[in-house]
Amino acid sequence: MYSVPAASLLRFARRDIGLAAMNKSWSPEIEAFRREVRDFIRTHLPDDIRCQVAEERMDLPREDLIRWHKILHEQGGWGCPGWPVEHGGPGWNFEQQYVFERELALNDAPRLMIYGVGMLGPTLMEFGSDEQKRRFLPPILRGDVYWCQGFSEPNAGSDLAALKCRADRDGDDYIVNGSKIWTSDAHHADWIFGLYRTASDGKKQHGITFLLIDLDSPGITLRPLLMFEGTHEVNQVFFDNVRVPVTHRVGEEHRGWTYAKYLLGLERFGTAEISRSMASLGRLKTLVAEIAADAGGAYYRDAAANVEIELRALELTERRLLFGPGGPDAMGPEASMLKVRGTELQQCILELTMEAMGPAGQIDRPRDAQPGSNRTQLEQAGRNYFNYRKTSIYSGSNEIQKNIIAKAVLGL
Amino acid sequence: MYSVPAASLLRFARRDIGLAAMNKSWSPEIEAFRREVRDFIRTHLPDDIRCQVAEERMDLPREDLIRWHKILHEQGGWGCPGWPVEHGGPGWNFEQQYVFERELALNDAPRLMIYGVGMLGPTLMEFGSDEQKRRFLPPILRGDVYWCQGFSEPNAGSDLAALKCRADRDGDDYIVNGSKIWTSDAHHADWIFGLYRTASDGKKQHGITFLLIDLDSPGITLRPLLMFEGTHEVNQVFFDNVRVPVTHRVGEEHRGWTYAKYLLGLERFGTAEISRSMASLGRLKTLVAEIAADAGGAYYRDAAANVEIELRALELTERRLLFGPGGPDAMGPEASMLKVRGTELQQCILELTMEAMGPAGQIDRPRDAQPGSNRTQLEQAGRNYFNYRKTSIYSGSNEIQKNIIAKAVLGL
Amino acid sequence: MNFQFSDEQTLIRDSISRFLADEYAFDRRLTLTADGLGYSDVHWQQFAELGWLALPFAEQYGGLDATPVETMIIMEQFGRGLMVSPYLSTIVFAGQLLANAGSEEQCETILPDVITGDRLLACAYAEPQSRRALSGVSTRAERDGDIFVINGDKSLAIYAECAHTLIVSARTSGVDHDAHGVSLFLVDTPTAGISMTHHRTHDGSRASDITLHNVTVSADKLIGELDNGLPALDFAIDVATAAVCAEASGAMWAVYEQTLAYLKTREQFGQTLGSLQALQHRLVDVYTSCELAQSAALDATLHLGADPAARRRAVSAAKVTIANHGKTVGQEGVQLHGGVGMTMELPIGHYLKRLTAINAAFGDANYHLRRYQNP
Amino acid sequence: MNFQFSDEQTLIRDSISRFLADEYAFDRRLTLTADGLGYSDVHWQQFAELGWLALPFAEQYGGLDATPVETMIIMEQFGRGLMVSPYLSTIVFAGQLLANAGSEEQCETILPDVITGDRLLACAYAEPQSRRALSGVSTRAERDGDIFVINGDKSLAIYAECAHTLIVSARTSGVDHDAHGVSLFLVDTPTAGISMTHHRTHDGSRASDITLHNVTVSADKLIGELDNGLPALDFAIDVATAAVCAEASGAMWAVYEQTLAYLKTREQFGQTLGSLQALQHRLVDVYTSCELAQSAALDATLHLGADPAARRRAVSAAKVTIANHGKTVGQEGVQLHGGVGMTMELPIGHYLKRLTAINAAFGDANYHLRRYQNP
């Protein structure tokens with residue numbers, strides 16, 4: 001069979017359908033779209049918000065996140081870039097969504113309000129009742145209701161299905177007791193969606209129910225969990241006889257695991273944050289360009305170049321997987337690889353930034369001291385380094401991701 | 001209890017028994033011994049042998065190993081540095097043995113003829129019959145009989161006790177059938193000691209018998225196993241109805257595992273080869289000192305300095321463990337750590353040497369082309385790099401060593 | 001943006017893959033690389049018949065006008081199959097250097113024979129003292145009327161032993177390390193004044209040190225402009241570097257697959273090695289390295305037509321990526337195989353040797369890290 | 001050759017260890033480091049009573065004439081217990097600098113008060129632009145009869161906020177980066193012309209930027225020889241560097257032990273994390289790093305009395321070892337703890353912060369790698 005000469009294949013290909021279908025560039029349409037998005041961000045992103053993102057903050061104030069979401073929303077539902085037109089989104093195709101999120105990252109715009117926009121919204125579109133869609137989707141679209149996610153529990157970290165927080169049926173309500181932990185932004189949020197145990201016989205994945213809960217409900221208290229560098233991002237949420245109407249249940253009772261798996265699948269693409277690392281790397285390169293030779297300049301410049309090269313290879317890997325055979329739908333457990341390597345490089349960039357700052361990188365300055373000046377961005381280098389240690393732990397620790405790859409890709 | 005002031009402790013100590021008992025130097029007696037050993041090696045080690053060792057060869061010809069052993073033997077049994085005087089050894093204490101082996105390494109003397117000298121000899125002293133001691137120890141001492149070790153089998157690598165090579169009792173003989181693999185130096189050796197299965201019921205560690213076999217026995221054939229870079233060091237040894245007199249059994253039938261564990265315990269200290277790596281590092285430093293700045297000189301010099309620093313810390317770790325509380329007898333599974341880290345650094349030095357050679361390091365030159373010139377030593381850099389990949393595999397792979405540490409040191 | 005192979009590219013890939021499986025089994029490779037010129041004449045003729053020697057060349061010389069992607073595909077497969085042959089030296093490196101920089105007459109004279117497999121080429125550009133810098137050319141070519149007289153030493157020219165024509169870089173003006181003043185010449189071999197010392201390299205390839213003593217070539221053997229040979233040479237080296245990156249990527253995938261297969265079947269202490277989590281995670285790292293290396297090779301390939309600075313950055317980035325990951329993958333392949341990984345009989349160690357040779361070829365990681373920053 | 005602690009050394013170690021367990025529980029530390037000067041006066045008086053402030057000083061001043069090994073022991077324990085205090089700045093660094101280079105009169109005036117805990121010292125030697133080089137001193141001290149007038153900026157002097165006396169390096173001749181021409185002065189604080197900006201650092205310590213504007217000191221405040229202050233400063237920095245290496249080693253062991261304990265008890269998917277081989281092997285690497293770091297700290301300590309080149313090599317080697325391994329150990333401690341490792345409530349992240357601060361102190365790994373090669 002190998003005796004089909006290359007000539008016959010290639011002559012045919014070149015003359016009739018064009019030879020190298022591979023193309024590392026965007027089509028003119030997408031390129032024009034990219035420029036439109038970029039220009040919009042650059043002209044509409046408030047500078048005080050941009051500066052906070054450029055400081056590598058993940059703990060933006062609620063007000064700033066909502067303000068930016070509403071600016072995007074005004075532009076035609078851009079705050080919910082993955083939503084179809086029927087629900088008020090822009091109805092973009094995958095390439096457009098990819099380019100849009102990349103431009104947000106490269107231009108230091110905040111991350112999307114992911115729990116409502118990226119997770120609950122699509123899950124409701126898939127599994128919610130018509131009433132739930134009518135009631136909950138529009139406020140997410142407009143940025144009027146801030147959602148958070150209640151999945152993890154104190155003794156069920158990576159082993160999500162081992163959760164114990166109970167929801168007991170009582171007439172038209174569930175009564176919820178227990179607690180959720182690592183709840184990002186619960187102190188900003190209005191509502192929490194999450195998983196609660198409604199039955200404890202059988203497999204642990206069975207008997208889990210997906211509920212939407214108003215955080216103003218009586219019986220809910222929050223305990224802030226500070227990161228070890230001082231940032232308040234996550235919380236423990238306690239439920240003490242909290243009444244939740246049955247109408248706030250998504251899908252069927254006991255079947256919540258199915259919906260959660262769908263929802264978590266939506267998160268997979270985001271956590272590698274390759275484009276955000278590109279922006280961080282730009283800041284690092286500016287910093288190390290100024291370090292004198294006798295102060296280790298060559299060392300830091302080499303190190304920055306090395307991580308840039310690694311990031312470049314990872315970015316192309318992401319694109320090969322998204323725009324290769326089968327398109328983005330073909331991306332399976334390989335996403336775990338992007339998450340592992342992406343967070344490693346993200347951490348490496350922030351580590352180098354801190355190290356290049358020398359002893360000054362160790363000063364513990366409050367987050368809000370003089371936001372906006374370039375000098376201050378770098379002065380957060382130590383805090384950022386420490387804070388971002390979480391990225392290899394959250395969204396399924398990198399060890400769990402490697403287990404997934406070993407099983408699902410390697411077949412071990 | 002912490003209220004005992006440091007003053008009362010220290011005043012007492014300083015006045016009466018001397019304060020800092022710690023001493024990183026040798027006693028004058030050991031230092032004098034060290035100089036004696038070093039001078040002897042430098043004046044008596046034949047240059048053609050020294051050059052081969054300095055080339056990082058582990059495959060010295062039989063004749064050279066025996067020649068050097070006999071030179072050492074003449075000096076008062078130095079060829080068997082661990083042997084007591086009653087068996088013709090020098091009767092050295094542990095410090096002397098440590099210093100002796102270190103000087104051998106630093107001065108590019110061959111490794112000891114380990115299978116007879118370091119392993120079988122002490123094992124026979126412990127478990128052999130008087131007749132076996134009389135018959136087998138003197139030829140080892142004098143370097144007249146070359147031993148090799150038959151432990152591993154094709155399907156029992158790290159899982160040594162899974163061995164299958166059979167020894168069936170037939171009157172006053174055992175009849176051996178099967179094969180041993182990875183048998184170092186079998187092509188040089190006169191005799192092989194090893195483990196053979198005499199029973200296969202019960203635990204796999206039971207039913208193993210320790211036999212001494214003359215390699216000239218009818219029914220033995222060798223298959224050379226070349227390393228992938230071409231060196232012939234190991235073999236597969238086939239046994240086809242080989243008759244072994246029962247008098248050549250060490251200890252009791254079926255109890256060979258006990259003797260083998262004792263024997264393997266003797267090997268633990270040697271495989272880290274820290275002193276030999278010091279000698280290799282010296283050669284690397286000479287090489288990289290000459291690399292011009294625009295040819296990556298700083299990179300290679302930094303890399304060599306880094307590995308030197310790591311090796312320095314490992315050497316002091318070895319000494320802390322050997323000359324700390326409890327002395328060398330207190331060294332337990334920590335020896336596995338020395339093996340893992342020692343072989344990693346050993347490989348790293350040879351890798352850097354090859355890389356620093358540039359494309360010339362890739363030329364495949366025969367081992368014996370112009371032995372002795374410095375240039376040639378370095379021209380073996382590629383081969384050495386490849387050949388020494390074995391060091392993290394042999395003597396219990398580094399993965400097995402980590403399992404041992406996890407269990408025996410960490411208690412996991 | 002599209003990273004799918006066309007159907008035709010997939011067919012070419014499969015065709016090469018089958019060829020290697022049928023004609024280049026590992027024991028056959030061991031025999032071929034051990035002796036003689038290190039490759040098979042019969043294979044070379046098959047390459048010609050299958051059109052592989054024609055791939056990158058223009059139709060007017062009998063070529064197929066293929067893109068760098070097709071070269072990447074063939075080199076990836078050669079990497080997987082551990083093929084050693086003069087393909088890199090003749091077709092990818094010297095061949096494309098001539099095709100890009102040579103006169104139409106030179107191309108017409110030489111390329112058709114190359115494509116039919118009747119003429120082999122090699123490039124002699126490195127010198128013993130140059131080590132890395134392309135401009136480190138001490139070999140001199142002095143003009144004497146209609147001829148040039150060349151004197152100097154060239155080191156480790158790959159597959160020069162079997163080449164009928166060499167491309168030799170020589171200084172026609174300036175001094176060592178001047179970027180200007182280097183010219184390229186076609187030198188047929190054997191020719192009076194050329195002597196070679198041939199070496200086998202650890203990966204089974206061949207390379208020759210070459211001494212040129214009063215070698216005379218006529219002025220029409222000058223390739224391109226006098227004194228301005230470096231840009232063309234630089235480009236051709238980038239083409240060759242991208243090709244060995246693709247080869248490395250293929251070799252890495254082979255290591256991954258063979259190691260995975262080994263771990264799945266090999267049992268110790270009553271369980272397969274593949275069930276041990278520590279080894280699983282290490283093999284996941286190997287897998288990740290393979291994906292990154294494949295991306296880097298593709299990155300370099302797709303930038304061969306870009307402006308020189310972008311091309312150099314992409315190629316150097318790829319070479320660094322390959323160095324970082326290829327070395328580790330090769331070493332892990334051997335380590336995870338244990339004792340059998342150390343033997344001549346198993347391919348795994350030979351992949352490590354080839355990956356190591358690729359790291360040393362065309363500038364090591366440190367060189368390319370610098371070049372990436374100052375392209 | 002002997003690497004056993006004497007019985008007395010073991011008793012000192014155990015005494016410090018118990019003090020930390022009883023008086024410096026983690027929640028107490030959190031409170032202490034959050035506010036004020038960052039340490040407890042009461043503890044400092046206990047240090048004095050226990051003789052810890054007297055350890056390295058000569059008997060004639062009330063000291064205990066202890067060796068660097070005792071300082072190593074106390075710093076290792078401080079590392080384990082995450083103790084932050086002015087011990088390093090007052091006793092180890094500035095105190096021993098004065099003891100080694102100061103006149104008998106200066107020592108008699110100051111050291112007895114230091115030993116009783118009534119006087120704290122700090123050393124202000126780094127400058128904003130100096131970054132690494134010890135000779136990067138732009139602060140100037142101009143002689144004017146019997147006084148010196150000092151002007152300049154000093155950056156991040158550790159625990160200068162609570163110090164009663166500073167040792168300030170200033171240039172008395174030559175220009176920036178001349179090794180000669182730097183002198184050391186005792187400067188009491190507060191003094192007219194000194195202003196400070198105090199910083200909390202991530203590890204819970206304190207450091208101050210200091211501006212000196214026409215600060216006058218009498219000539220008898222000069223420490224040692226005029227213009228020749230660098231050798232003494234260099235030595236004192238090595239003493240302090242060896243001490244933080246020991247502290248890092250102690251911190252690393254604590255990370256190891258706490259992580260090991262966590263893995264042994266924490267269950268996921270029905271098994272303890274400690275039963276997972278991938279995590280086991282990583283913790284084995286952590287353990288190995290701890291052993292190496294402890295050796296490196298000991299190496300530096302035992303070379304503090306050696307000739308300057310040998311001392312510098314040993315100290316720089318230790319600092320590089322600590323940097324290479326301490327960073328990894330701190331990161332692995334957090335990672336293997338998972339989410340709880342990220343919280344303020346658990347010590348593990350605070351160890352990472354302290355290990356990170358130590359890497360940045362007294363020259364980073366890159367600086368010391370160079371210094372090791374040119375000691």
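Here is how names work: the chains are called A, B, and so on, in the same order as the sequence lines, proteins then strands, and each is numbered from 1.
If you tally non-hydrogen atom pairs under 4.5 Å between each of A304(B), A406(B), P325(B), A298(B) and chain D, the highest count goes to P325(B). Among L260(D), I74(D), D285(D), the residue with the largest count of heavy-atom pairs under 4.5 Å with chain B is L260(D). When the candidates E399(B), Q401(B), E308(B) are compared by the number of heavy-atom contacts under 4.5 Å with chain D, E308(B) comes out ahead. With chain B as partner, the option from R313(D), Q277(D), H303(D) having the largest number of non-hydrogen pairs under 4.5 angstrom is H303(D).
For the atom pair CE of M1(D) and CH2 of W26(B), the computed distance is 4.0 Å after rounding to the nearest 0.5 Å. Atom NZ of K402(B) is separated from atom CG of L283(D) by 11.5 Å, given to the nearest 0.5 angstrom. For the atom pair H281(D) NE2 and I405(B) CD1, the distance stands at 8.5 Å (nearest 0.5 Å). Of the inter-residue distances, the one linking L410(B) atom CG with Q280(D) atom CD reads 8.0 Å to the nearest 0.5 angstrom. A distance of 9.0 Å separates CZ in R320(B) from CZ in F3(D), rounded to the nearest 0.5 Å. Atoms CG and CD, from L321(B) and E291(D) in turn, are 5.5 Å apart once rounded to the nearest 0.5 Å.
Side-chain polar atoms of N324(D) and N306(B) form a donor-acceptor pair below 3.5 angstrom. The closest side-chain donor-acceptor pair between T288(D) and R341(B), if any, does not fall under 3.5 angstrom.
At most 12 heavy atoms of other shown residues, nucleotides or ligands fall within 6.0 angstrom of atom NZ in K261(B).
T321(D) touches chain B through backbone and side chain together, each having a heavy atom under 4.5 Å away. The part of S25(B) that comes within reach of chain D is its backbone (N, CA, C, O), which places non-hydrogen atoms under 4.5 angstrom from that chain. With a 4.5 Å cut-off on non-hydrogen atoms, E95(B) touches chain D through its side chain but not through its backbone. For D7(D), no part lies under 4.5 angstrom from a heavy atom of chain B. Residue contact with chain D, scored on non-hydrogen atoms closer than 4.5 Å, involves the side chain of R312(B) exclusively. For A293(D), no part lies near chain B; criterion is any non-hydrogen pair under 4.5 Å.
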- Task: Please assess L316(B) against Q294(D) for the test side-chain contact (heavy atoms from CB on, under 4.5 Å), listing each intermediate value before the final yes or no.
- Result: CA-CA 9 Å; L316(B) 190 54; Q294(D) 182 180 337; over 6 Å; no
- Message: Using the rule given for side-chain contact (heavy atoms from CB on, under 4.5 Å), can you reason through T67(D) versus M22(B), listing the C-alpha separation, both sets of side-chain angles and the distance that settles it, and then say yes or no?
- Response: CA-CA 10 Å; T67(D) 72; M22(B) 279 206 186; over 6 Å; no
- Item | Audit row: V284(D), L412(B), side-chain contact (heavy atoms from CB on, under 4.5 Å) steps and yes/no | CA-CA 10 Å; V284(D) 165; L412(B) 291 174; over 6 Å; no
- Test side-chain contact (heavy atoms from CB on, under 4.5 Å) on K285(B) and Q373(D) and set out the steps. CA-CA 11 Å; K285(B) 285 171 72 180; Q373(D) 294 171 71; over 6 Å; no
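Salt-bridge check for K24(B) with D299(D): failed, with every basic side-chain N at 4.0 Å or more from each acidic carboxylate O.
Heavy-atom minimum distance, Y256(D) versus V409(B): OH-O, 4.4 Å. Taking each heavy atom of A313(B) and S295(D) in turn, the nearest pair found is O-CB, 3.5 Å. Shown here for A305(B) and L369(D), the closest heavy-atom pair between the two residues is CB-CD1, 3.8 Å.
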